[in-house]
There are 2 protein chains.
Amino acid sequence: MWRHVTPDAARRMLIAAAHAFADKGYHATTTRDIASLAGMSPAAVYIHYRSKEDLLFQISKIGHELSLSVLSDVPGKDPVERLSNAVSSFARWHAEYHTTARVVQYELGALSPEHHATVVELRRGIEGRMRSIIAEGVEAGLFDAPDLRGATLAVLSLCIDVARWYQPTGKRTPEQIGALYADLVRRMLMS
Amino acid sequence: MWRHVTPDAARRMLIAAAHAFADKGYHATTTRDIASLAGMSPAAVYIHYRSKEDLLFQISKIGHELSLSVLSDVPGKDPVERLSNAVSSFARWHAEYHTTARVVQYELGALSPEHHATVVELRRGIEGRMRSIIAEGVEAGLFDAPDLRGATLAVLSLCIDVARWYQPTGKRTPEQIGALYADLVRRMLMS
DNA sequence: GTCTATATCCCGATAGAC
DNA sequence: GTCTATCGGGATATAGAC
């Protein structure tokens, strides 16, 4: 997931920050916590990042881009299959990468106005892609969703909230959650 | 919602804290913010509460108790109607009281271990009530939910996440959200 | 009960040696 | 690039007058 981040120390710092932010929240995490988790001194944070907020922004940006990519070129021979695949992948992503997903979904408010605007744009893309998949099914007469935006909101909401309750020690694997959710959504929308 | 809290200054402080915690998060909120919102001096917080965390606990406890009460004695002539009423009320509560609901759902981690244990107990009650309503429908052969706990989790999750995305300036009223969600859940579970 | 003033601590970020 | 040491600011909570 962080494989493109270089050099090595910068990547370790980002991973440490993501874990700390997910665990305790952005404001409760100190730069000393992050440095310590990465096995470096408090000052080392500022060699690779301008500020603690910059660290948050990098995590948020990369996380949003990845969750957006999950909804790109979703395979499927018809809208029903495409929606199932989209929901299954998107829900599974929020379980599999629940650490990053929590930062992505719950620390938006700690971003600077400029950085916040950047990720809001990415979020618009995510909503747009899910909406167009649902819209295809509605146009083909396969889905019954009189309130298209409301249905899109509910589907995204269901998947996103997985990041809140998911526990790796729980009895459901990310794959099982994806399959369960794809089935629930199919029943929710099919006419 | 806070009508039982007395004296007046203590109630104003609790309301101020709930708004600040929901808006910026617990850790980003200072006791000066809270006092200032309540129109009092920074020291006044400690006349009515032992600490900032105590303020959070009171909000969390009252909020959990209220959202639990919403799932008590849900009316309905059959399991289908009872589930619709439960989902509609529970989702509506998370929209109507989204300020408190955000504190309830997203600031659990800032509670002391003892206080955290108390609200976890209340949360078990919430899950139990929703699960028994769904179980009634399964036993009557009306719902198709092979994974009862998984279905309960998904239904609660859908309603809870309303607190994250709901905006009073949006075009859907809490009542409309409740009705939309009751319908989605009914389709999700009915056999 | 409420205030002003302050004790005590810890945070984000920087300076400067190596 | 990484360290040790530290600055400047702001946090929670308390002391003591009224």
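In what follows, chains carry the letters A, B, and so on, assigned in the order in which the sequence lines appear, proteins first and then strands, with residues in each chain numbered from 1. Quick note: numbers below take in every heavy atom, side chains included, and nothing from hydrogens, waters or symmetry partners.
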Next item on the list: Could you check how far CG of A:Leu56 sits from C1' of C:dA13, rounded to whole Å?
Entry: 17 Å
Next item on the list: Send over the distance from B:Ile47 CD1 to D:dA15 P, rounded to a whole Å.
Entry: 14 Å
Checklist line | Nearest-Å distance for atom pair CZ/P, residues A:Arg32 and C:dC10 | finding: 10 Å
Item checked: Interatomic distance, B:Met40 CE vs C:dG1 C1' [rounded to whole Å] -> 7 Å
Checklist line | Phosphate OP1/OP2 of D:dT2: any A:His48 side-chain N/O under 4.0 Å | finding: yes
If you restrict it to nitrogen or oxygen atoms, what contacts under 3.5 Å exist between nucleotides 15-17 of chain C and the protein, and what is each distance?
none

Notebook entry, point to check: In terms of the nearest nucleotide of DNA chain D, which residue is placed more toward the 5' end: B:Thr29 or A:Pro42?
Noted result: A:Pro42
Check: Please give, in whole Å, the distance from C:dC9 P to B:Lys52 NZ?
Finding: 19 Å
Note to self: Can you tell me if B:Tyr46 touches the phosphate of D:dT14, counting only side-chain N or O atoms and a distance under 4.0 Å to OP1 or OP2?
What the structure shows: no
Check: Do A:Met188 and A:Leu83 belong together in a cluster built from hydrophobic side chains that touch within less than 4.5 Å?
Finding: yes
Next item on the list: Would you indicate whether the side-chain heavy atoms of B:Arg92 and B:Val70 approach each other to under 4.5 Å?
Entry: no
Notebook entry, point to check: Between C:dG12 atom P and A:Met13 atom CE, what is the distance in whole Å?
Noted result: 14 Å
Notebook entry, point to check: What heavy-atom pair brings B:Ala110 and B:His27 nearest, and what distance separates the two atoms?
Noted result: CB-CE1, 3.9 Å
Check: Would a 4.5 Å heavy-atom cut-off, applied to side chains only, mark A:Arg50 and A:Tyr46 as touching?
Finding: no
Check: Taking for each residue the nucleotide of DNA chain D with the nearest heavy atom, is it A:Ala9 or B:Thr31 whose nucleotide lies nearer the 5' end?
Finding: A:Ala9
Check: NA contact type, B:Ser41, heavy-atom cut-off 4.0 Å: base, sugar-phosphate, or nothing?
Finding: base
Next item on the list: Run through B:Glu65, B:Gln58, B:His64 and flag the one making a side-chain hydrogen bond (donor to acceptor under 3.5 Å, both in side chains) with B:Lys61.
Entry: B:Glu65
Next item on the list: Please state how far atom CG in B:Asp8 lies from atom P in C:dT2, giving the value in whole angstrom units.
Entry: 9 Å
Checklist line | Euclidean distance, atom CD1 of residue A:Ile34 to atom C1' of D:dT2 [Å, nearest integer] | finding: 17 Å
Note to self: Check for me, please, whether A:Leu56 and B:Tyr106 land in the same ILVMFWY cluster - side-chain distances under 4.5 Å, paths through other members count.
What the structure shows: no
Next item on the list: Begin with the C-alpha distance, continue with both residues' side-chain angles, and end with the deciding distance and a verdict on side-chain contact (heavy atoms from CB on, under 4.5 Å) for A:Tyr181 and A:Ser88.
Entry: CA-CA 6 Å; A:Tyr181 272 42; A:Ser88 155; over 6 Å; no
